[in-house]
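Before any comments, here is the structure.
Just so you know, these numbers come straight off a predicted model, no measurement behind them.
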Amino acid sequence: MAVPALELQVGGRTVRVTSPDKVYFPEIGLTKGEMVQYVLTVGDGIFAALKDRPVTMERWPGGYRPDVTLSTRTDSHHDAFYQKRAPSRGMPEWVETMTVTFPSGRTADEVCATELATVVWMANLGTLRYHPWPVTRADADKVDQLRIDLDPQPGTTFADAVRAAYELREVLAEVGLTGHCKTSGGRGVHVFVGVEPEHGFVEARHAVIALGRELARRMPDHVTVNWWKEERGERIFVDFNQMARDRTIASAYSIRPTPRALVSAPLTWDELAEVEPEDFTIPTMLTRFAEVGDVWAPLYAAPPGRLDAALERYERDVRDLGTGRYGGAEMPYPPDYPKMPGEPARVQPSRMTAETRESEEMD
């Protein structure tokens, strides 16, 4: 007989879990109730990753199946989707929100994770991946985390991303910053850095561009910051636009919609070279968390760094490379962004016209 609902007590709140016996990952027979229990069990870790942050929910209400697709910005008619705005109905009164501003200037109230019960409530909505903004409720416009996405391109592997991550660790140390690594849940590596909330999204993105460009200088055959795919080759791409406003990276412990329910696993630097992304699933993470707890606790406990030295490197690149023209220090923003100050043309090199070359002062 199907179980219609369960009620969980989470920090003094009652969280209702509907259809707990619905199979969410058919290949391994894992149910919605077990997925929610996973979130509760790794609660200390996942709540630390989301605490006091606005969160975009990546919802898979029917669970993962190979035939279920995820809505995109240009095609919203799919069963799985991103939810940025807090639900207008059915949200418990104790779930808090905070206002964020999108690149267009429009605003929205997003769910703000102020307690673990909120995270469990989001899990009941079918949220697999949690996409927290790199800001807190203290100031929605001041970045307090750099998130650096080392994204393998075709022809490269997780091992290539790991190699880049270790070199990035040294680049960060040279500017007084401490990186913390995790698997993306796929082939990539994410490096998070705690920073003082002194700068906005433009400056934080510039810092990542400068750090990525320095990494590419040191590993030119292995790493690139080239935005256009046709220029990247078989290299690891430092996706600097993941630091643009309203661009987010899945949190630690988020569940990737894959047949085996892979998860984004926080790691120590000593572990990174010894693992594969496939090592971390809901069942294996439960075992790991029981043994070692949240290995990213030092990220949240350590004094935050400052971006001054990284931004000095960006200003050096402005002096050396110029800006406001193709190939300068500034880089293209995502295509749905308004035109940003100093931004080069959003035209891939193979489609560059003589008129664009002239307007970008490339001749």
Requested in this report: Look at the side chain of E343 and the backbone N and O of M340, then say whether any donor-acceptor pair between them is shorter than 3.5 Å.
Outcome: yes
Query - Heavy-atom check, side chain of P334 versus side chain of R247, under 4.5 Å - result: yes
Report task. Locate the shortest heavy-atom distance separating A250 from F192; write the atom from each residue and the value. Result -> O-CZ, 4.5 Å
Query raised in the report: Is it true that a side-chain atom of S254 and a backbone atom of S264 form a donor plus acceptor pair closer than 3.5 Å?
Result: no
Requested in this report: Please answer whether the main-chain N or O of D239 pairs with a side-chain N or O of Q242 as donor and acceptor at a distance below 3.5 Å.
Outcome: no
Query raised in the report: Would E214 and R217 pass as an ion pair if we require N to O under 4.0 Å?
Result: yes
Query raised in the report: Sequence neighbours excluded, which residues qualify as salt bridge (Lys or Arg N to Asp or Glu O under 4.0 Å) partners of E110?
Result: none
Report task. Could you grab the distance from atom CG of L262 to atom OG1 of T183, nearest 0.5 Å is fine? Result -> 8.0 Å
Requested in this report: Starting at CG of D308, measure out to CZ of R313 and round the result to the nearest 0.5 Å.
Outcome: 13.0 Å
Query raised in the report: Aromatic ring centroids of Y253 and Y38 under 6.0 Å?
Result: no
**Report entry** Residue pair T284 / T287, side-chain donor-acceptor N/O under 3.5 Å
**Finding:** no
**Report entry** Closest contact, heavy atoms only, G179 versus V191
**Finding:** CA-CG1, 3.8 Å
Query raised in the report: With distance as the sole criterion, is a donor-acceptor pair present between the side chains of R59 and Q83 under 3.5 Å?
Result: yes
Report task. Say whether S184 and H190, considering side chains only, have a donor N or O and an acceptor N or O under 3.5 Å apart. Result -> no
Report task. Using the test side-chain contact (heavy atoms from CB on, under 4.5 Å), find all partners of A252 that sit at least two apart in sequence or belong to another chain. Result -> A49, K182, P266, W296
**Report entry** Flag side-chain contact, heavy atom, 4.5 Å: P20 against K32
**Finding:** no
Report task. Tell me, with the steps shown, if L40 and L116 meet side-chain contact (heavy atoms from CB on, under 4.5 Å). Result -> CA-CA 8 Å; L40 188 57; L116 179 57; 4.0 Å; yes
Query - Salt bridge present between E174 and R218 (N-O < 4.0 angstrom) - result: yes
**Report entry** R16-N124 side chain donor-acceptor pair, cut-off 3.5 Å
**Finding:** no
Requested in this report: State yes or no: do F201 and L146 share one hydrophobic cluster built from I, L, V, M, F, W and Y residues joined by side-chain heavy-atom distances below 4.5 Å, directly or via other members?
Outcome: yes
Query raised in the report: Is there a path of hydrophobic side-chain contacts, each under 4.5 Å between heavy atoms of I, L, V, M, F, W or Y residues, that connects V195 with L50?
Result: yes
Query raised in the report: Has the side chain of Q145 got a donor or acceptor atom that lies under 3.5 Å from a matching backbone atom of V143?
Result: no
Report task. For the residue pair T136 and K51, confirm or rule out a side-chain donor-acceptor distance under 3.5 Å. Result -> no
Requested in this report: Find out whether L8 and V17 are in side-chain contact, i.e. whether some heavy atom of one side chain is under 4.5 Å from a heavy atom of the other.
Outcome: yes
Query raised in the report: For T31 and E34, does a side-chain donor sit closer than 3.5 Å to a side-chain acceptor?
Result: yes
Query raised in the report: In terms of side-chain geometry, is the basic nitrogen of R245 or D141 positioned less than 4.0 Å from the acidic oxygen of its partner?
Result: yes
Query raised in the report: Relative to the ring of F240, is the ring of W227 parallel (under 30°), tilted (30 to 60°) or perpendicular (over 60°)?
Result: tilted
Query raised in the report: Is R13 salt-bridged to E7, cutoff N-O under 4.0 Å?
Result: no
Query raised in the report: Is R256 close enough and on-axis enough to Y64, meaning under 6.0 Å and within 45°, for cation-pi?
Result: no
Requested in this report: Using the side-chain hydrogen bond (donor to acceptor under 3.5 Å, both in side chains) rule, take E231 and T224 through it: C-alpha gap first, then chi angles, then the decisive distance, then the call.
Outcome: CA-CA 9 Å; E231 294 185 323; T224 181; over 6 Å; no
Query raised in the report: Going by heavy atoms in the side chains, are F280 and L267 under 4.5 Å from each other?
Result: yes
Requested in this report: Could you tell me whether R288 and D294 make a salt bridge, using a distance below 4.0 angstrom between a side-chain N and a carboxylate O?
Outcome: no
Query raised in the report: Under 3.5 Å, is there a donor-acceptor pair between the R106 and S104 side chains?
Result: yes
Requested in this report: Over 60° means perpendicular and under 30° means parallel, so classify the ring planes of W269 and Y166, tilted if in between.
Outcome: tilted
Query - Nearest heavy-atom neighbours spanning P26 and R65 - result: CG-CG, 4.2 Å
Requested in this report: Decide whether T268 and E271 meet the rule of one side-chain donor and one side-chain acceptor closer than 3.5 Å.
Outcome: yes
Query raised in the report: Rounded to the nearest 0.5 Å, what separation is found between the CG atom of D139 and the CE atom of M98?
Result: 8.0 Å
Query - Charged tip of R232 within 45° of F237 ring normal and under 6.0 Å - result: yes
Report task. Can you establish whether the number of heavy atoms outside K142 located under 6.0 Å from its atom NZ is more than 12? Result -> yes
Query - Salt bridge present between D317 and R213 (N-O < 4.0 angstrom) - result: yes
Report summary line: Between Y24 and P61, the two heavy atoms sitting closest are OH-O, 2.8 Å
Query raised in the report: Can you name the closest pair of heavy atoms from R205 and N241 and give their distance?
Result: NE-OD1, 2.8 Å
Query raised in the report: Judged by modelled atom types alone, do E330 and H206 share a side-chain donor-acceptor pair under 3.5 Å?
Result: yes
Requested in this report: Report the residues that fulfil salt bridge (Lys or Arg N to Asp or Glu O under 4.0 Å) with E198, sequence neighbours left out, ordered by chain and then residue number.
Outcome: R306
Query raised in the report: Donor-acceptor pair, S71 side chain versus H78 backbone, under 3.5 Å?
Result: yes
Query raised in the report: How far apart are the closest heavy atoms of V292 and V295, and which atoms are they?
Result: CG2-CG1, 3.9 Å
Requested in this report: Would you check if there is a donor-acceptor pair between the side chains of E58 and T127 at a distance under 3.5 Å?
Outcome: no
Query - Salt bridge flag under 4.0 Å for residues D246 and K84 - result: yes
